[in-house]
Amino acid sequence: MSPFQEAVYAVCRRIPRGKVSTYSDIARVIGKPRAFRAVGNALNRNRSKSVPCHRVVRSDRGTGGFARGRKAKMALLRKEGVNITRGKVSESCFFRFV
DNA sequence: CTAATGACCATTA
DNA sequence: ATAATGGCCATTA
């Protein structure tokens with residue numbers, strides 16, 4: 001695993017159940033604010049159950065992609081209590097890494 | 001080394 | 001509202 005990938009997964013693991021973060025936020029937290037696209041790539045390759053990669057969405061609050069399809073991603077999120085209406089995640093569901 | 005590829009983002013039409 | 005565009009960056013061929 002590359003150091004970049006390790007960093008992305010480490011941050012992703014901190015997102016609590018029922019909350020979400022964005023590709024952009026993760027990129028910023030790992031100190032590479034412009035690597036948001038690469039973050040998506042790293043998460044795409046994730047196969048570890050311990051990394052809740054479905055909790056990462058787009059900055060415009062859209063759900064974003066998922067290896068097994070957007071449908072599956074939304075189902076998982078809703079199952080943990082994340083509210084999604086008209087394809088957008090509620091503002092109150094965003095986790096802040098302060 | 002170069003070129004292509006995305007689970008992105010912001011802007012523009 | 002959707003579609004296209006240019007930019008960004010780690011990874012892979």
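Letters A, B, ... are given to chains in the order of the sequence lines, protein chains preceding strands, and every chain is numbered from 1.
- At whole-Å resolution of the value, CG in A/Leu43 and P in B/dT5 are 21 Å apart.
- Within residues 47-80 of chain A, no residue approaches DNA chain C, by heavy-atom distance under 4.0 Å.
- Put simply, CD on A/Glu6 is 15 Å from C1' on C/dT11, counting in whole angstrom units.
- Between A/Asp25 and A/Phe94 the shortest side-chain heavy-atom distance does not fall below 4.5 Å.
- As the counterpart of C/dT5, B/dA10 is assigned, both hydrogen-bonding distances of the Watson-Crick or G-U wobble pattern falling under 3.5 Å.
- An OP1 or OP2 oxygen of B/dA7 is reached within less than 4.0 angstrom by a side-chain nitrogen or oxygen of A/Asn44.
- No side-chain heavy atom of A/Phe36 sits under 4.5 Å from any side-chain heavy atom of A/Thr22.
- Between A/Lys32 and the phosphate of C/dA10, there is a side-chain N or O to OP1/OP2 separation shorter than 4.0 Å.
- Using a 4.5 Å heavy-atom threshold, the side chains of A/Phe66 and A/Leu76 count as touching.
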Practice task
Under the side chain to side chain contact (heavy atoms under 4.5 Å, CB included) rule, what do A/Tyr23 and A/Ser59 come out as? Steps first, then yes or no, please.
Solution key: CA-CA 7 Å; A/Tyr23 298 96; A/Ser59 63; over 6 Å; no
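- Residue A/Ile26 contributes atom CD1, which lies 12 Å from atom C1' of B/dC8 at whole-angstrom precision.
- Between A/Phe4 atom CZ and B/dA7 atom P the separation is 14 Å, expressed in whole Å.
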Nucleotide N/O to protein N/O under 3.5 Å, stretch nucleotides 3-7 of chain C:
unit_1: C/dG7; atom_1: O6; unit_2: A/Arg37; atom_2: NH1; d: 2.6
unit_1: C/dG7; atom_1: N1; unit_2: A/Arg37; atom_2: NH1; d: 3.3

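- Remark: C1' of C/dC9 and CD1 of A/Ile30 are 10 Å apart, rounded to the nearest angstrom.
- In this structure, CZ of A/Arg28 is placed 14 Å from C1' of B/dC8, rounded to the nearest angstrom.
- No salt bridge links A/Glu80 with A/Lys19; every basic N to acidic carboxylate O contact stays at or beyond 4.0 Å.
- In this structure, A/Glu6 has no salt bridge (Lys or Arg N to Asp or Glu O under 4.0 Å) partners at least two apart in sequence or on a different chain.
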Exercise for the section: Begin with the C-alpha distance, continue with both residues' side-chain angles, and end with the deciding distance and a verdict on side chain to side chain contact (heavy atoms under 4.5 Å, CB included) for A/Arg55 and A/Cys12. Expected result: CA-CA 8 Å; A/Arg55 298 185 190 144; A/Cys12 185; 5.8 Å; no
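- With a 4.5 Å cut-off on side-chain heavy atoms, A/Glu91 and A/Arg61 count as touching.
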Exercise for the section: Test A/Ile26 against A/Val56 for side chain to side chain contact (heavy atoms under 4.5 Å, CB included), laying out the working first. Expected result: CA-CA 9 Å; A/Ile26 290 183; A/Val56 185; 3.7 Å; yes
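- As a whole-Å value, the separation of A/Arg34 CZ from B/dA10 P is 14 Å.
- Residue A/Asp25 contributes atom CG, which lies 13 Å from atom C1' of B/dC9 at whole-angstrom precision.
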